[in-house]
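First comes the structure, then the notes that go with it.
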Amino acid sequence: MSEIKEIRTRFAPSPTGFLHIGGARTALFNWLYSRHNKGKFILRIEDTDQMRSTEESTRAILDAMTWLGLNWDEGPFFQAQRVDIHRSMVEKLVEEGKAYFCTCTPEELEEKRKRALAEGRKPKYDGTCRDKNLSRTKNSVVRFRSPDVGVTIVHDLIKGKIAFENDELDDLIIERSDGYPTYNFAVVIDDALMKITHVIRGDDHVNNTPRQILLYEALGYDIPEFGHVPMILGADKTRLSKRHGATSVMAYKEMGYLPEALVNYLVRLGWAHGDQEIFSMNALIDLFSLAAVGKSAAVFNPDKLLWLNQHYIKEYPREKLVEEVNPVFVKSGYDTSNDDFINHVVSDLRTRSKTLVDMAQSADFYFKSELEYDQEGAEKFLRPEFAGHLKKVAEKLSGLQDYTKQGIEDFLRSIAEKNNTKLKFIAQPLRIALTGKTVSPGIDDVMITLGKEKVIERIERALAYIDYK
RNA sequence: GGUCCCAUCGUCUAGUGGUUAGGACGCUGGCCUCUCACGCCGGAAACCGGGGUUCAAGUCCCCGUGGGACUACCA
């Protein structure tokens, strides 16, 4: 009986910008895999690029993770704070003859690379310093002595077996002249020391994997499992970027998306469970597996995300939806102090809003004290021939006992009947009078939400408008 | 250029040798109806090409083609 190892995954973004859609999905897959296996999810910030890393970015990434509900069990660890460890490992490799100092300048390297490319050779390091047995100098770097024979096999959980000829791999730099480790080295050290069992990341890293495996071996570490998830592409099938619209997770929050919608959308990009489209977080934790992750790149489809968002707005528990939309209402300048009123507004609009921002926009008439009438609608329905109907409604409304959806509908229908007209010719003028628009929630719902008093007030104002005209 | 990955409707995908190739978004026809939505019913829409293997191939193999990634003292 073999010992059962705790599953440990990690998300290791570099803080050089916001958390984007692709990174979020990678984080999500890691999170789900650890949760499904009752393991641990570790967050590590890869900030060894001192030039490009910022604290704001770190903050933004953490915020976005939190918003999505991707909580971490350990960290955030900061790679730059671990350079002493990395350096000591570099030292160890040098001592063991598995790494060496190199004094080739970037300019020389660039020159050689260009020439190799021009002559149709592979632009890999030519080993100039490999056997010179140099020692550290001011601008020296440390290179890994990569084996030039043999084959390195990556057993990828998603893509299967991938073989690389070792002579394709060159002696990569593991420590830069500024003393900081490079990505391929630091990531190996940290993953090994943090006991990461499953490295799940974008498939732009597959070509790095054999180098990293060689490093694991040189360092004497156990090699983790790898799973490379396909990229997310834009509509033109190139790597997703700003050109394709919003790519920042938090931008979607600003646009009125619900985190559940984004998570649900993201998980379905590359992963499927039969025909199922809608997944709660708990369902995902229960069902997620790397075996069901597809191998091919996926195109980001904003329309489907929008549909999911609409779905979640429709299905959210009302209290939760009210909570989510409240800040958006406040931002629009609406008075949200009356809970009962807001509850009604949200109920009226939830089946006709694709985003929270959308909802706030169409909710404006509930909060305005003076309505502006939609021009076409007013011309069509705020006319003398409908004034009588409106007047009747206003007059009789105060006496209406059954102020409910059904009661109001019966009431309006009876007025239509008595005036020998269709409900439509009562409802439409009423709609303009109460909402200023030709499009709104059901007129009965609007009346309930607004309350008798405001309804009568707005009808009177509309009547005045008709007279004035 | 080299290395590596990928390939089912426009898009996301189901499919693990025998299916009328299924679902979803979008598009579209209809129903419902006080408008708009929601909801419901229906429609158009796909196995990149060529060779094998097999009684049988979207599914396995090979070769093309197309797309993508990497090829940094970025991660």
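Letters A, B, ... are given to chains in the order of the sequence lines, protein chains preceding strands, and every chain is numbered from 1.
A:Gly436 and A:Leu371 get closest at one heavy-atom pair: N-CD2, 3.7 Å.
With a 3.5 Å ceiling on both atom-pair distances, the Watson-Crick or G-U wobble partner of B:rG42 is B:rU28. Under the Watson-Crick or G-U wobble criterion, with both distances below 3.5 Å, B:rG1 is paired with B:rU71. Across all strands shown, nothing is found opposite B:rC36 as a Watson-Crick or G-U wobble partner with both distances under 3.5 Å. B:rU54 is unpaired under the criterion used here, namely a Watson-Crick or G-U wobble arrangement in which both key atom distances are under 3.5 Å. For B:rA7, the paired nucleotide is B:rU65, the pair qualifying as Watson-Crick or G-U wobble because both relevant distances are below 3.5 Å.
Rounded to whole angstrom, the span from the CG atom of A:Leu349 across to the P atom of B:rU35 amounts to 18 Å. The CE atom of A:Met359 sits 14 Å away from the P atom of B:rC38 (whole-angstrom rounding). Rounded to whole Å, the distance from CG on A:Asp170 to P on B:rC70 is 16 Å.
For B:rC34, the OP1/OP2 oxygens have a side-chain nitrogen or oxygen of A:Arg413 closer than 4.0 Å. The side chain of A:Lys304 contributes no N or O atom lying less than 4.0 Å from OP1 or OP2 of B:rU13. A:Arg239 has a side-chain polar atom (N or O) that falls below the 4.0 Å cut-off from OP1 or OP2 of B:rC70. The side chain of A:Lys354 contributes no N or O atom lying less than 4.0 Å from OP1 or OP2 of B:rA37. Applying the 4.0 Å criterion to OP1 and OP2 of B:rA69, one finds that A:Arg201 has every side-chain N and O outside that range. An OP1 or OP2 oxygen of B:rU13 is reached within less than 4.0 angstrom by no side-chain nitrogen or oxygen of A:Arg268. An OP1 or OP2 oxygen of B:rA75 is reached within less than 4.0 angstrom by a side-chain nitrogen or oxygen of A:Thr48.
Counted by atom type alone, A:Tyr312 and A:Asn264 present one or more donor-acceptor pairs between their side chains at under 3.5 Å. In this structure, a donor-acceptor pair under 3.5 Å is absent between the side chains of A:Asn309 and A:Tyr265.
Under a 3.5 Å cut-off, the side chain of A:Arg268 and the backbone N or O of A:Trp271 do form a donor-acceptor pair.
On the P atoms, B:rA24 is 10 Å away from B:rC40, given to the nearest whole Å.
Nearest-nucleotide mapping onto RNA chain B: of A:Lys424 and A:Ser140, the residue sitting toward the 5' end is A:Lys424.
At a cut-off of 3.5 angstrom, the base of B:rC73 holds no donor-acceptor pair with the side chain of A:Asn139.
Taking the six-membered ring where the residue is Trp, the centroids of A:Phe41 and A:Phe11 are separated by 6.0 Å or more.
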